[in-house]
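Written out below as structure tokens is the structure these notes cover.
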Amino acid sequence: MLKKLTFFSVVAMVVGCAEVQKVEVPKDKEQKIAKVGEESSMKLLKTLKGELMNAMQKGGPDEAVEVCSQKAMALTSQIEKETGYSIKRTTFKYRNPANTPDKYEAEALKYFEENMKQGKMPSYYIQALNENGKVVYRYYKPLKVEGVCLTCHGDPNLMDKNLVQKIKAIYPNDKAVGYREGDFRGVVRVTIPADKI
Ligand code: HEC
């Protein structure tokens, strides 16, 4: 018994620095979290979409793919600096491995997937996490696939052959194809420290 306790306390000490627990979202804070989360996620989406459409018009999908692969992460960092919140795009079927979901993001993705199955699409999902005694709120905004997205995320058999090759060369383990218009694509996650609300 004593041995067991010692073992567990050592484990607790080792993993202690990354202790995260789900806690309850205070009902009276929900509206404010949603407002801040919506503003920050929209800022990112507008910026990314603007760059994407610009590049598509200037150089077609070939150029746009390079803009996406080289600029999306840098633009995200820029919006993080502007808003002061940590922001990430994440999905189960990702192209960029940097966008792989963590445990709590996966839970949010499942929430939207389950709702989609029932023909519903909530406009957001909120979690509260206690990270080593510090509470943060995570706001998740769902993304849907639009017509223009299919150029690079659609059925590879219907996509431009050169483009398919180009994407494969940059992302050999690409999972972000085979989508159809209206599909759930993933989320934008905004992390807001509780003391900001
Ligand atoms: C010109 C090609 C192109 C188009 C069009 C395009 N994407 Fe992407 N997308 C990419 C590339 C390349 C990446 C990987 C680089 C990155 O953004 O991190 C990506 C990544 C993503 C990600 C991050 C998750 C992941 O899979 O890594 C999301 C979410 C996303 N795209 C959604 C969309 C949506 C929604 C649209 C339509 C509004 C769209 N994309 C249109 C090329 C494209």
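All ligand and atom numbering here is 1-based and tracks the order in the structure. Only this structure's heavy atoms are used, side chains among them; waters, hydrogens and symmetry mates stay out.
Ion pairing between a basic and an acidic side chain is recognised when a charged N comes within 4.0 Å of a carboxylate O; Arg189 and Asp102 show no such pairing. The pair Glu114-Lys120 does not count as a salt bridge, with every side-chain nitrogen at least 4.0 angstrom from each carboxylate oxygen. Here Lys144 does not pair with Glu181 in a salt bridge; the nearest charged N to carboxylate O distance is not below 4.0 Å.
Contact annotation for Leu163 and ligand 1: no heavy atom of the residue comes within less than 4.0 Å of the ligand. Of all the heavy atoms of Cys68, the ones lying under 4.0 Å from any atom of ligand 1 are found in both the backbone and the side chain.
The distance from ligand 1 to the heavy atoms of Ala176 drops below 4.0 Å at these ligand atoms: 26 (O). For ligand 1 and Val148, the ligand atoms under 4.0 Å from any heavy atom of the residue are 5 (C). The ligand atoms of ligand 1 that sit less than 4.0 angstrom from a heavy atom of Cys152 are 1 (C), 2 (C), 3 (C), 4 (C), 5 (C), 42 (C), 43 (C). Below 4.0 Å from some heavy atom of Tyr94 lie the following atoms of ligand 1, by number and element: 25 (C), 26 (O), 27 (O). Listed by number with element, the atoms of ligand 1 under 4.0 angstrom from any heavy atom of Arg89 are 16 (C), 17 (O), 18 (O), 20 (C), 21 (C), 22 (C), 23 (C). Close approach of ligand 1 to Leu143 (heavy-atom distance below 4.0 Å) involves ligand atoms 29 (C). For ligand 1 and Ala64, the ligand atoms under 4.0 Å from any heavy atom of the residue are 1 (C).
The nearest heavy-atom contact from the protein to atom 38 (C) of ligand 1 is Cys149 SG, 2.7 Å. Residue, atom and distance of the protein heavy atom nearest to atom 14 (C) of ligand 1 are Tyr171 OH, 3.5 Å. If you check which protein heavy atom lies closest to atom 10 (C) of ligand 1, you get Arg95 NH1, 3.6 Å. Nearest protein neighbour of atom 30 (C) of ligand 1, counting heavy atoms only, is Arg185 NH2, 3.5 Å.
Within the structure, ligand 1 has Val65 among the residues with a heavy atom less than 4.0 angstrom away.
A continuous path of Ile, Leu, Val, Met, Phe, Trp and Tyr side chains, each step under 4.5 Å between heavy atoms, connects Val136 with Tyr111, placing both in one hydrophobic cluster.
Residue contact annotation: His153 places an N/O/S atom under 2.8 Å from atom 8 (Fe) of ligand 1.
Within the 3.5 Å criterion, the main-chain N or O of Leu143 finds no donor-acceptor partner in the side chain of Arg185. Checking side-chain atoms of Asp183 against main-chain N and O of Arg180 turns up a donor-acceptor pair under 3.5 Å.
By the 6.0 Å contact criterion, NZ on Lys93 is enclosed, its count of non-hydrogen atoms from other residues, nucleotides or ligands being greater than 12. Annotation: Lys134, atom NZ; neighbour count of heavy atoms from other residues, nucleotides and ligands within 6.0 Å does not exceed 12.
On a distance-only criterion, Asn96 and ligand 1 share at least one N/O pair closer than 3.5 Å. Between Asn99 and ligand 1, a contact under 3.5 Å exists for at least one N or O pair.
Ring centroid separation for the pair Tyr124 and Tyr139 comes in under the 6.0 Å cut-off.
Seen from the ring of Phe92, Lys175 does not count as a face-on cation partner, given the 6.0 Å and 45° thresholds.
Counting all heavy atoms, side chain and backbone alike, Val65 lies closest to Cys152 at CG2-SG, 4.0 Å.
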